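Only one structure is covered here, and it is reproduced in the block below.
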Amino acid sequence: MTARTVRRTTTHEGGVGQSPARPDGVPKLRGEFEYAQDLKADEMLWAATVRSPHARARIVSIDIAPALAVGGVHACLTADDVPGRAHFGLEHPDQPVLAGDRVNYWGEPVAIVAAEDARTARTAASLVEVVYEPLAPLTDPELADRKDEVFRRLRIRRGDQAARGPVVVEGYYEVGMQDQAPLGTEAGLAIPDGEGGVDLFATSQFVHVDQEQVVASLGLRPGQVRAHPTGIGGAFGAREDVNLHIHLCMLALHTGRPVKMAYHRSESFTGHVHRHPAWLRYRHEADLDGRLVRVEARVVLDGGAYASTTSAVLANACYFVVGPYRCESVAVDGVGARTNNPPCGAMRGFGAVQVCFAHETQMDRLAQALGMDPLLLRELNALERGDPMPTTGQVIETPLPTREVIRSLQAMPLPDDPLGLDPGGLPGGSGLTTEQREVKRGVGYAFGIKNLGFSEGFDDYSQARVRLTAHGAVVETAAIEVGQGLVTVLAQIARSALGITSVEVVHVDTSKIDSAGSTSASRQTQLSGGATLEAATRLRERVLSHFAGDDLDESGVWRGEELIARWPEIGDQEWVETATFRHPPTTAPDENGQGVIHADFAVAGHRAVVDVDVELGLVKVIRIDTVQDVGFAINPSSVRGQIEGGILQGVGLAIMEELVLADGVILNPTFTDYLLPTILDAPDVEALLIEQEGSWGPFGAKGVGEPPTISSTAAVVAAIRAASGKELNRVPVRPQDIALP
Amino acid sequence: MVHPTSMDEALAGLSEGVVPLAGGTDLMVEVNFGHTHPENVIGLRRVAELKEWEGVRIGAGVNWRRIEREGPKALAQAARTVGSPQIRNAGTIGGNVGTASPAGDGHPFLAAVDASIELVSVGGTRVVPWSEFFVGVKKTARRSDELIAAIRLPDVLPERHEFGKIGVRNAMVIATVNCVVTRDDQRRVTVGLGSVGPTPIRARDAEEMISAATMPTEADLAEFQRLVAEGVSPITDHRSTEEYRRHGAGVLARRLLERCLR
Amino acid sequence: MIVSFEVNGEQVTARMTHPGSLLDMLRDDLGLPGSKSACEQGECGSCSVILDGELVCSCLVMAADVEGSSIITVEGVAPRDALHPVQDALLDAGAVQCGFCTPGIVVAAVDLFANNPSPSVSEIKEALAGNICRCTGYGAILRALEGVARGDDS
């Protein structure tokens with residue numbers, strides 16, 4: 001085996017539609033990429049957090065003296081030390097920076113410590129004496145609803161509310177609490193600038209919104225806080241909310257030293273928001289031909305102690321209650337409850353995951369009741385471009401190839417090999433629990449729809465800047481790369497727009513560029529890509545116009561056959577273009593949940609093949625085929641990566657991932673007991689991409705990150721039902737749900 | 001920390017408060033979580049005697065990877081399920097036994113074949129049967145001046161032995177139930193079970209019943225399964241329920257017996 | 001306490017003031033932050049190193065216990081100006097997303113191929129079973145390593 005040289009230029013033009021190697025790939029492979037965990041500064045202190053051991057309690061007193069008495073401790077701060085706004089929050093600033101007179105969830109931060117090293121900081125944190133008066137926690141979201149402890153209620157009524165159909169299917173479904181569990185935990189470094197301001201380098205999905213909250217809570221002027229995009233080990237929604245950001249800045253300004261913090265794994269589980277657990281009551285009514293006549297649903301989400309993004313997640317869940325199907329009579333009542341359970345917020349799929357499990361199960365049961373093929377039922381009702389969304393009435397104006405997704409998925413070949421010959425391929429794996437004759441194979445389908453971009457009238461935009469250099473161009477952005485491959489995609493877009501290959505993407509901080517918005521809602525390719533496309537296109541036009549040329553490429557500016565200007569001279573002048581890209585406007589819902597609520601949609605389908613040891617309730621997901629509506633695949637390799645990764649997260653929710661709570665306390669905040677799928681649990685995945693022009697994203701691209709998680713869980717459970725004959729109204733499915741009556 | 005290279009050296013360093021360290025796969029988790037701060041540690045990795053494996057005497061320092069390759073069938077099958085490749089390279093059978101987690105994957109085999117644990121101190125050697133060694137959840141009969149020197153299997157192992165482990169994930173999983181069933185040429189059956197009580201156990205009633213059957217019928221196997229399930233006292237925790245563990249123990253034991261009968 | 005050992009071919013001496021893991025020592029004292037801390041309990045493999053020829057989780061190795069030992073970390077898997085074929089294959093296959101698991105995957109794969117130049121798909125999966133990836137779903141990782149096993153020229 002021979003080594004090869006490190007320097008890798010793109011071996012081809014590197015524009016859209018290709019799969020050039022990611023620019024940060026080599027540093028990541030060599031262990032040289034700098035994550036927030038790896039940051040260092042001279043004279044750096046380490047911070048630790050004191051957290052509540054109670055889900056609900058009154059704080060009687062806090063004595064920080066024992067912590068301050070530890071050698072090497074520089075500061076111990078509590079709620080009284082918060083200089084500015086005492087609360088933070090993504091949608092509503094309702095969460096205390098540090099708990100004052102009460103705590104409302106297990107693990108809520110109460111005090112923070114800075115010391116010479118991490119060990120001393122943690123030791124000191126454990127010595128802070130907090131006297132609590134424990135109170136009975138409210139942990140039942142239905143009870144919270146009755147007590148009006150609610151972040152949001154949403155009511156949707158569309159169509160003739162008296163419509164009824166002869167065939168009725170009712171169901172009650174439950175979705176457990178999944179965690180994003182990104183491999184990199186929360187970490188950051190805050191560096192005071194010596195003039196009362198601070199530079200923050202922390203794990204995040206949205207630096208501008210972090211900066212705003214830090215400014216508010218520190219009582220500073222906006223220009224005094226700069227939040228810098230920083231290397232991050234995954235996010236999946238866990239990093240939209242502030243967690244250690246304000247704490248680090250407080251300590252940095254208080255001590256006058258750089259302060260670093262990195263959460264341990266179990267602290268990470270408590271330190272970020274989780275996917276909302278959900279309880280869903282459904283009623284589907286159809287006519288004898290299978291046409292959906294009415295869908296009613298009650299959606300209850302447990303938002304936990306603080307608002308986070310519960311309002312938006314609830315909205316999403318309600319709006320996608322029906323799934324990618326037409327229906328002219330819809331009634332939804334949604335509740336985002338406030339409890340003393342751990343706060344919940346954004347996780348990839350954002351509410352649509354939970355309702356998809358329910359609506360797809362309902363569709364399968366409806367098909368059964370009708371004596372109809374479940375795929376035919378879906379095709380008959382498929383939601384397409386030009387149709388109104390069943391819940392909001394919004395007419396879908398971009399391509400939505402639902403029928404094609406259904407048909408293409410059905411046409412993909414099923415595996416023809418029988419059950420796994422290698423014990424590793426059987427349920428139970430190397431545990432050797434199961435032999436071939438004890439296995440039943442099942443196949444299940446599910447389809448889902450997801451919005452792309454932010455909704456309900458939110459002013460969703462992104463700014464990007466393109467600047468020519470001596471030999472090419474640089475794209476400047478604050479759009480966060482969490483691993484999805486945005487840095488590659490933005491470069492590809494700029495390459496295709498400018499006509500040159502030498503393009504680099506550079507992250508700049510909040511003081512140097514306006515917001516790129518959140519890396520979430522599958523929006524960055526469309527929004528930041530859209531801004532990059534606009535800026536690069538305008539820049540090229542200006543350069544060509546200036547030189548009166550007609551083409552720009554690696555050599556320079558051409559007029560006909562004549563090269564009239566070369567690099568590096570082209571880059572000598574200040575060629576910069578900044579663009580702010582917005583998606584088509586959306587509106588807030590009216591009192592019936594009607595409006596132009598969403599910016600764009602994507603539809604996807606999944607087919608799961610599972611082998612089930614019914615007697616023991618053990619499942620092996622053999623294969624998942626998928627068809628996804630992507631508009632245009634800017635980087636096919638990255639799209640495949642998002643699909644395979646998202647599908648496995650869906651598998652996790654289906655059969656193994658759940659945070660188990662008891663009276664508001666997480667019982668399994670470790671990787672020993674919060675089980676993430678390993679390579680031995682991963683199914684083979686085959687993906688078919690449907691590319692149709694018509695979306696407003698750059699080159700017609702649609703976001704691809706979330707659709708893989710929406711219906712993959714439902715497909716796996718449908719397959720388990722087919723194999724086992726069990727009802728399975730809850731995810732994750734546990735062995736006892738299959739094996740025991 | 002000290003790094004003895006012989007058993008004598010290691011034993012000389014043992015006293016109250018001194019912590020022996022082999023692979024670190026259990027102790028270091030406690031250190032990383034801040035649950036323990038061992039000040040005096042004896043590193044046993046370099047004690048060659050602990051890695052000796054002669055016939056039925058397996059040195060406590062033998063790692064799971066070696067056991068996976070060279071061990072008797074059911075023990076090798078168990079070894080393959082311990083943690084991950086990284087864990088199997090570092091983790092030792094002595095450490096597994098010394099930690100005495102109720103779910104230890106090596107324990108059902110030791111119980112099923114009636115293995116013993118060899119404990120050594122400066123005062124001498126004693127050999128303790130497994131049933132007296134495991135005294136409770138993470139509690140053993142080892143005194144603080146003793147080291148686990150070896151696992152001693154009986155001179156003659158039963159003809160057939162099979163291992164199984166129920167877990168929710170296909171790798172790196174703590175057993176919901178683990179089990180070894182053996183059957184010798186006298187048709188005597190033993191059943192060792194883990195994760196269904198504070199220590200590994202034997203399903204004595206089930207063993208007695210099935211060992212008396214010359215050619216077990218379907219009805220016998222069903223009864224065997226029932227006796228196994230009723231003979232265990234599992235708990236309900238965040239990993240599983242008492243009911244499922246009971247059910248799983250019965251099913252698994254029956255299937256392993258069926259394999260032994262082939 | 002002082003610990004002397006070899007890392008990536010170089011003799012080093014580190015001073016530790018308290019019992020900590022090899023991972024802590026590599027990251028904090030030796031300027032080798034490539035190995036990652038993600039679970040502190042050997043359940044994710046992001047801290048994988050090769051210790052005296054064996055693949056282990058460095059978070060589970062007591063720092064003081066590596067006296068006289070030889071360690072290879074992700075930083076030492078290939079020379080400064082080259083990529084190991086495993087790294088090359090992972091890059092080409094699009095198997096790097098957030099990259100946090102990547103060093104551990106690289107080390108585990110390097111260890112696999114050092115012991116078994118042509119592993120089967122099953123063997124690749126079992127060898128990587130101790131490495132968690134949350135981003136990729138393992139598909140591209142597997143395709144990359146299958147290519148290395150086949151001897152695909154990169």
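Atom set for the values below is all heavy atoms of this structure, side chains included, hydrogens, waters and symmetry mates excluded. All values derive from a computational prediction rather than experimental measurement. To find a chain, count down the sequence lines: A is the first, B the second, and so on, and within it residues start at 1.
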message: So which atom in C:L60 and which in B:M28 form the shortest heavy-atom distance, rounded to 0.1 Å?
response: O-CG, 3.0 Å
field: Greater than 12 external heavy atoms within 6.0 Å of B:E54's CD
entry: no
- line: Residue from B:H37, B:E30, B:R45 scoring the most non-hydrogen pairs under 4.5 Å with chain C is B:R45
- prompt: Considering only heavy atoms, which portion of C:S69 lies under 4.5 Å from any heavy atom of chain B: side chain, backbone, both, or neither?
  reply: side chain
task: Heavy-atom distances under 4.5 Å only: say whether B:V41 touches chain C with side chain, backbone, both or neither.
output: side chain
message: I'd like to know if the side chain of B:N32 reaches the main chain of C:C59, judged simply by a donor and an acceptor atom lying under 3.5 Å from each other, with no hydrogens or angles considered.
response: yes
task: Please round to the nearest 0.5 Å and tell me the distance separating atom CD1 of B:I87 and atom CD of C:E43.
output: 7.0 Å
- prompt: Nearest heavy-atom pair of C:S48 and B:Q86: which atoms, and what distance?
  reply: OG-NE2, 2.9 Å
- prompt: What part of C:A129 gets closer than 4.5 Å to chain B, counting heavy atoms only: side chain, backbone, both or neither?
  reply: both
statement: Between the CG atom in B:N89 and the CD1 atom in C:I50, the distance rounded to the nearest 0.5 Å is 10.0 Å
field: Engaged part of C:S21 at the chain B interface, taking heavy atoms whose separation is under 4.5 Å
entry: both
message: I need the B:S84 OG to C:I132 CD1 distance, nearest 0.5 Å.
response: 9.5 Å
message: Whether B:R46 and C:D65 form a salt bridge (side-chain N of Lys/Arg under 4.0 Å from carboxylate O of Asp/Glu) is what I want to check.
response: yes
Carboxylate-amine/guanidinium proximity below 4.0 Å for C:E54 and B:R66: no
message: Heavy-atom cut-off 4.5 Å, strictly under: side chain, backbone, both or neither for C:V61 against chain B?
response: backbone
- request: Report yes if some heavy atom in the side chain of B:M172 is under 4.5 Å from a heavy atom in the side chain of C:C44; otherwise report no.
  value: no
task: Measure distances from B:D26 to the heavy atoms of chain C and classify the residue's part below 4.5 Å as side chain, backbone, both or neither.
output: neither
- prompt: Is a donor on one side and an acceptor on the other found under 3.5 Å between the side chain of B:H3 and the backbone of C:A64?
  reply: yes
